[in-house]
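Below, chains carry the letters A, B, ... as their sequence lines are ordered, and counting in each starts from 1.
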2 protein chains.
Amino acid sequence: MAMAKSVKKPSRAAASPYHHGDLRRALIDAALALAAEGGPSAVSVREAARRAGVSPGAPFRHFDSREALMTAVAEEAQQRFRAEIEAALAGAVAEGPLRQLKLLGMAYLRWAMRNPAHFEIISTGRWFDHDAAVEVSRDNADAIALSEQLLAQAAASGQLRSVDLKATQIAGRALVYGLARMNIDRHFLRWGVQPEQVERIAEQALDVFIGGIAR
Amino acid sequence: MAMAKSVKKPSRAAASPYHHGDLRRALIDAALALAAEGGPSAVSVREAARRAGVSPGAPFRHFDSREALMTAVAEEAQQRFRAEIEAALAGAVAEGPLRQLKLLGMAYLRWAMRNPAHFEIISTGRWFDHDAAVEVSRDNADAIALSEQLLAQAAASGQLRSVDLKATQIAGRALVYGLARMNIDRHFLRWGVQPEQVERIAEQALDVFIGGIAR
DNA sequence: ACCTGAACACCGTTCAAGT
DNA sequence: ACCTGAACACCGTTCAAGT
């Protein structure tokens, strides 16, 4: 009897619903997968629990609410987003400020367009409590500061047409966010742009913008 | 007894839950109000029914599903959106194409920013079936055609820097959609823009863009 | 300490029954 | 023809009880 028990335990470590191991992690992964499959609204605590093989109440040991789970999901997505942008900028420190701005925009767009549901979660703000997501807020402030700095550099070396840096900065962000959003909201089909052309046309739009602000 | 009945009927025409009069209209209005109060996700068939003073099943006599109700709401919102844009352009037929583009953008942004929830419904596409919303699709195609025409006019009279009209057109739409979306998603607070400054800064961003594409 | 399973208050949707 | 009210299958969340 004691032996049967000791044989059973290790072999059923994954199958047994009791003592999961890292349920918190499993729930975040399930939520990320659900979002990728059906959008942020397809994330449900009960379905995440089902996929993790636990009862409907179990997730509430790890997250106070569905919103708290979404906040953790957002933090995870934000980390991936940031990593992609940092990698893109790492090899471009020697470039001019407008070139760096373009690379920043392209990295932003690439990730947003290849991970539309995860991008939607971190940017829409309806899915979780932004103030509770420390990393998301910090990364965002960092990105804003970086674009401000690059624009100031460009202005200082006489590369810009407009003197209104704040409006230029916001226009630039609105452009990339708008492109990412048009992709999420399936606007490109109405604009006659096929899915495989979206990244290319987005890059061209970014070129039009940067060409426009440049002297 | 017959008299009591004939007295009762007219005086309770509104209070009596039976034979509503125009339940369809009342449900659309309730849904519009719910959206304005708590965003599109706050629209529920049951709550709309409650506000209209009918039972939970009653709405399904008029709408096949929640999505069908949202489609009707979107059609109504789209009509208001279109009316605002047409009014703004009506007095500008004599203006140059770039000036008309700016007025088009400003009218778009004004309505989007003053009716964020209704704008979100018609533009997000997750809230209803776009193919079932004939008016929304038609209006959108019209707006695309108009901006294309204005840009072509500007190009023909040598007013543009870039030759890539398609990319320019998409960049312009991404800019205004991005600004409207940043407002919905509360990004402007993170950018240090107070609510009462949003429309002004959006206009400045639009000026930067149009100044940028102009020769 | 961590999870189950029943429970409660919601929601969308259906359908027989009422007027 | 139009609406009620009960029902069903969901969902988020709580909580006593199990291990």
Side-chain angles (χ1 to χ4, degrees), chain A residues 1-2 4-6 8-10 12-28 30-31 34-35 37-73 126-129, chain B residues 1-2 4-6 8-10 12-28 30-31 34-35 37-73 126-129:
Chain A
M1 199 88 146
K5 205 176 176 186
S6 67
K8 231 185 213 165
K9 242 205 308 200
R12 286 172 46 110
S16 166
Y18 188 69
H19 273 252
H20 188 282
D22 197 351
L23 180 54
R24 187 189 147 83
R25 183 70 246 165
L27 290 168
I28 293 173
L34 285 167
E37 289 164 26
S41 67
V43 177
S44 90
V45 177
R46 286 184 101 109
E47 181 60 26
R50 236 172 263 127
R51 296 207 176 180
V54 295
S55 74
F60 293 91
R61 286 272 141 192
H62 301 272
F63 301 102
D64 282 346
S65 61
R66 188 192 118 115
E67 191 176 297
L69 170 60
M70 288 305 257
T71 303
V73 169
R126 176 158 273 122
W127 308 109
F128 68 98
D129 178 15
Chain B
M1 193 96 150
K5 203 175 178 186
S6 67
K8 233 185 208 160
K9 241 205 307 198
R12 288 174 41 111
S16 166
Y18 189 68
H19 273 249
H20 188 282
D22 196 351
L23 180 55
R24 187 190 147 83
R25 182 70 248 167
L27 290 168
I28 292 173
L34 285 166
E37 289 163 28
S41 67
V43 177
S44 90
V45 178
R46 287 184 101 109
E47 181 59 26
R50 237 173 261 129
R51 295 207 175 180
V54 295
S55 73
F60 293 90
R61 285 273 140 191
H62 301 272
F63 302 101
D64 282 346
S65 62
R66 188 192 118 114
E67 190 175 298
L69 170 59
M70 289 304 259
T71 303
V73 168
R126 177 157 273 123
W127 309 108
F128 66 98
D129 179 14

| If you check the B:Ser55 side chain, which of C:dC11, C:dC3, D:dG5 turns out closest? | D:dG5

What's the [atom1]-[atom2] distance between [X] and [N], to the nearest Å?
X: A:Trp127; N: D:dG12; atom1: CH2; atom2: P; value: 12 Å
X: A:Met70; N: D:dC11; atom1: CE; atom2: P; value: 15 Å
X: B:Leu69; N: C:dG12; atom1: CG; atom2: P; value: 9 Å
X: B:Arg66; N: C:dT14; atom1: CZ; atom2: P; value: 15 Å
X: A:Phe60; N: C:dC3; atom1: CZ; atom2: C1'; value: 14 Å
X: A:Arg61; N: D:dT13; atom1: CZ; atom2: C1'; value: 13 Å
X: A:Glu67; N: D:dG12; atom1: CD; atom2: P; value: 13 Å
X: A:Arg24; N: C:dA1; atom1: CZ; atom2: C1'; value: 17 Å

| message | I'd like to know if A:Arg46 reaches the base of D:dG12 with its side chain such that a donor and an acceptor end up less than 3.5 angstrom apart. | response | yes

| task | Check whether any side-chain N or O of B:Arg50 sits under 4.0 Å from OP1 or OP2 of C:dC11, and answer yes or no. | result | yes

| request: For D:dC3, take OP1 and OP2 only and decide whether either is under 4.0 Å from a side-chain N or O of B:His62. | output: yes

| query | Does the side chain of A:Phe63 reach to within under 4.5 Å of the side chain of A:Ile28, using non-hydrogen atoms? | reply | yes

| query | If you measure from the Lys or Arg side-chain nitrogens to the Asp or Glu carboxylate oxygens, is any gap between A:Arg66 and A:Glu47 under 4.0 Å? | reply | no

| message | Could you measure the distance from the NE2 atom of B:His62 to the CG atom of B:Asp22? Nearest 0.5 Å is fine. | response | 8.0 Å

| Rounded distance [0.5 Å steps], CZ in B:Phe60 versus OG in B:Ser55 | 10.5 Å

| field | Among A:Asp129, A:Val43, A:Val45, the one residue meeting side-chain contact (heavy atoms from CB on, under 4.5 Å) with A:Met70 | value | A:Val43

| query | Taking a pair as Watson-Crick or G-U wobble with both distances under 3.5 Å, which nucleotide is matched to C:dG5? | reply | D:dC15

| said: Both distances below 3.5 Å, Watson-Crick or wobble geometry, any strand: find the nucleotide opposite D:dC10. | reply: none

